[in-house]
Amino acid sequence: MAKLPILHFPDPRLRTKAKPVSVVDDAIRQLVKDMFETMYEAPGIGLAATQVNHHIRLVVIDITEDKSQPLVFINPEITPLTEDKAPYEEGCLSVPTVYDVVERPTRIKVNALNEQGEAFEMEVDGLLAVCLQHELDHLEGKLFVDYLSTLKRQRIKTKLQKLQKQQA
């Protein structure tokens, strides 16, 4: 397994719309393993392939404290199951040290393939629903900061650019 470099906002590659996975093969399964290693080490609870510069529709998630429930979503599609929305404070591995509140549907249905290429469907709520919606935004080239005001987004961009210069 290999830890992958995570792209950071405002990197323009984060705005790339991901393409569907045509074949779930050993290369995809290896990418899944590498993404889990990267996410756990970061540490995070979700990672979209776009964030590691692979522009395919692939997401890994594990919202457990003990890293015991890894979930893989290939070519995921979600459907809101309610019009109810709830605020949730979100963070992102591609927007380090920044947290802010985003409102999202509270219950969703997801259809996807697993790492064996088998189709499945899940109805989810709570943190998993928030995380899935956040990661699927990445596949569309969207970040959680896009839900914030222009002023907030510009401040975050400036802060992260300064941080990147200091680390370089």
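All residue numbers refer to positions in the sequence shown, counting from 1.
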Not counting sequence neighbours, which residues clear side chain to side chain donor-acceptor pair (under 3.5 Å) with T50? List them please. none
Salt bridge between R104 and D137, side-chain N to carboxylate O under 4.0 Å? yes
Are the side chain of R107 and the backbone N or O of D125 linked by a donor-acceptor pair below 3.5 Å? no
I'd like to know if the side chain of D26 pairs up with that of Q30 as donor and acceptor (distance under 3.5 Å, no hydrogens or angles considered). no
Does E121 have more than 12 heavy atoms from other residues, nucleotides or ligands lying within 6.0 Å of its CD? yes
Apply the test salt bridge (charged side-chain N to carboxylate O under 4.0 Å, His left out) to residues D146 and R15: give CA-CA distance (whole Å), side-chain angles for both, the deciding distance (0.1 Å), then the verdict. CA-CA 11 Å; D146 296 340; R15 300 303 186 176; 2.5 Å; yes
For the CZ atom of F144 and the NE2 atom of H138, what is their distance to the nearest 0.5 Å? 8.5 Å
With distance as the sole test, does S94 use its side chain to make a donor-acceptor pair with the main-chain N or O of F9 at under 3.5 Å? no
How long is the straight-line distance from CG of L128 back to CD1 of I45, given to the nearest 0.5 Å? 9.0 Å
Calculate, to the nearest 0.5 Å, the distance between atoms CD1 and CD belonging to I78 and E123 respectively. 13.0 Å
Non-neighbouring partners of E140 that pass side chain to side chain donor-acceptor pair (under 3.5 Å), sequence neighbours left out: K17, R57
Within the distance-only criterion (no hydrogens, no angle test), does the side chain of D84 pair as donor or acceptor with the backbone N or O of T106 below 3.5 angstrom? no
Could you give the distance from CD (Q167) to NE2 (H8), rounded to the nearest 0.5 Å? 8.0 Å
For Y147, enumerate each residue passing the ring pair (Phe, Tyr, Trp, His ring centres under 6.0 Å) test, keeping only those at least two apart in sequence or located in another chain. none
To check you understand the geometry: which heavy-atom pair defines the closest contact between P10 and Q161, and what is its length? CG-NE2, 3.6 Å
Here the ring pair (Phe, Tyr, Trp, His ring centres under 6.0 Å) pairs for residues 55-77, sequence neighbours left out, are F73-F120
Partners meeting side chain to side chain donor-acceptor pair (under 3.5 Å) with D66 (sequence neighbours left out): T64, S68
Is there a continuous path of hydrophobic side-chain contacts, each under 4.5 Å between heavy atoms, that joins V145 to V101? no
Q133 (side chain) donor-acceptor with P105 (main chain) under 3.5 angstrom: yes
What I'd like to find out is whether the side chain of V102 reaches to under 4.5 Å of the side chain of P87, using heavy atoms alone. no
More than 12 heavy atoms from other groups under 6.0 Å of CZ on R155: no
Same cluster or not: L81 versus V130, using hydrophobic residues (I, L, V, M, F, W, Y) connected whenever any side-chain heavy atoms lie under 4.5 Å apart? no
Step through the shown structure and confirm whether more than 12 heavy atoms of other residues, nucleotides or ligands are within 6.0 Å of CD on E83. no
Tell me if a side-chain donor or acceptor on E41 pairs with a main-chain N or O of T38 at a distance below 3.5 Å. no
Heavy-atom pair with the smallest gap, counting every atom of E135 and A48: OE1-N, 3.2 Å
Pairwise side-chain contact, T79 with I108, heavy-atom cut-off 4.5 Å (strictly under): no
Rest of the hydrophobic cluster containing L31 (Ile/Leu/Val/Met/Phe/Trp/Tyr, side-chain heavy atoms under 4.5 Å)? L4, I6, V21, V24, I28, V32, M35, F36, M39, Y40, L47, V52, I56, L58, V60, V72, I74, L93, L113
Apply salt bridge (charged side-chain N to carboxylate O under 4.0 Å, His left out) to K152 and D100, showing your working. CA-CA 10 Å; K152 266 190 180 179; D100 214 314; 2.9 Å; yes
I'd like to know if K33 and E115 make a salt bridge, using a cut-off of under 4.0 Å between side-chain N and carboxylate O. no
Determine, step by step, whether K159 and T97 satisfy the side chain to side chain contact (heavy atoms under 4.5 Å, CB included) criterion, reporting the C-alpha distance in whole Å, the side-chain angles of both residues, the deciding distance to 0.1 Å, and the verdict. CA-CA 10 Å; K159 173 185 171 182; T97 72; 3.5 Å; yes
Nearest 0.5 angstrom please: I61 CD1 to H134 NE2, how far? 9.5 Å
Is there a side-chain contact between E77 and V110 (heavy atoms, below 4.5 Å)? no
Nearest 0.5 angstrom please: Y88 OH to Y99 OH, how far? 12.0 Å
Apply side chain to side chain contact (heavy atoms under 4.5 Å, CB included) to the pair E90 and C131, showing each step before the final yes or no. CA-CA 9 Å; E90 296 186 24; C131 191; over 6 Å; no
